[in-house]
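First comes the structure, then the notes that go with it.
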Amino acid sequence: MKKHNYSAGPCILPQEVLQEASQAILDFNNSRLSILEISHRSNDFVAVMEEARNLVLKLLGLENQGYKALFLQGGASSQFLMTAYNLLEKKAAYLNTGTWSSKAIKEAKFFGEVEEVASSADKNFNYIPKNYQVATDADYFHCTSNNTIFGTQMKEFPAVDIPLVCDMSSDIFSRQIDFSKFDLIYAGAQKNMGPAGTTLVVLKEDILGKVSRQIPSMMNYKIHIDKESMFNTPSVYAVYITLLTLRWLDKKGGIAGIEKTNEEKGKLIYDEIDRNSLFKGFAEKEDRSLMNATFNLTDESRKDQFDKLWKTAGIDGLSGHRSVGGYRASMYNALPPESVKVLVEVMQEFERTA
Ligand SMILES: *Cc1c(COP(=O)(O)O)cnc(C)c1O
């Protein structure tokens, strides 16, 4: 049996996706060629790219509203600078909710002034700041919907009159949001959408062309839009596995369908963290993430005992990020509720053997 995979990213993918993907390495679409051996301009691969782009917009409810979906490379980390390269003329507003936001801010500063509208650094990012003001003269507002490392998630997004840009790397396609509020969304595929190697960007074309600087081709959204994500060779296999994962999600009832399962999983784990006195949650309750549940032991001296229990139960990837310590249960779309039940049973067994 496979392990219960709580890895934070790259992370669990649906088993049926892995099976289909492995088949395509040997023989893609009965072509008697591997997907890895064909031109990215072949009809078979162009069809993959087109279907993936269309399915992204369909699942997000963004069809026919002026949005484009791009599959780029360089990870979400390249989007930290690419967003600023394309959109920042004078000043941009950023909400700082953790490591990834801080990195986005650092890169944006290469291109102009950055106003940090609020930060939760004062409490090691265990909450989402609220009631902040976003400058109306900023070129855009940037936020991070889910803080993968600290286990916090934005439940609401500010209503702003300037373009709204969001790093949704670790919770895209996990919950229903009015995605049409956003002008640019980006996400590295390897958390909730596919394997490492491709990065999704969904953007409204009309926010482009407003900065005065020259933009090199690979950094230029307009060029990638015009070339339909094929300006250079795309990461074909990562895009293909992403397409398979999106098809899997579509069959599950899309975001509305998976959201129910994600809420169920979140309730299982957080109820146990709150009930069991041997554990304490890291994030403020109202800001808890349904994707990454962070928690610590109340008695650190029992770490070895707990670690042995979950490893014996076939659980993998539960150790927390070094900046929080403790544990992080990453419960992305593909993680079945059964795996969360196994973890909860382990936590209860730990209590019984106290
Ligand atoms: C993982 C992660 C990133 C970094 O993604 P890369 O693809 O490795 O560059 C950025 N933002 C968030 C929210 C993440 O979880």
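First listed ligand is number 1; within each ligand, the first listed atom is number 1. Values in this document were obtained by computation on a predicted structure and should not be read as measured data. We number each residue from 1, following the sequence as shown.
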Which residues pass the side chain to side chain contact (heavy atoms under 4.5 Å, CB included) test with Gln348, sequence neighbours left out?
Glu272, Arg275, Val344, Arg352
So which protein residues pack against ligand 1 under 4.0 Å, heavy atoms counted?
Gly75, Ala76, Ser77, Phe80, Trp100, Thr144, Asn146, Thr148, Asp167, Ser169, Ser170, Gln190, Lys191
Quick test of your reading: applying side-chain hydrogen bond (donor to acceptor under 3.5 Å, both in side chains), list the pairs with at least one residue in residues 69-88, sequence neighbours left out, ordered by first then second residue.
Gln79-Tyr221
Parallel, tilted or perpendicular: which fits the ring planes of Phe28 and Tyr240, with parallel below 30° and perpendicular above 60°?
perpendicular
Should the pair His142 and Tyr94 be assigned to parallel (<30°), tilted (30 to 60°) or perpendicular (>60°) ring geometry?
parallel
Side chains of Thr97 and Ser120: any donor to acceptor distance under 3.5 Å?
no
Listed partners of Phe182 passing ring-ring contact (aromatic ring centres under 6.0 Å, His included), at least two apart:
Phe157
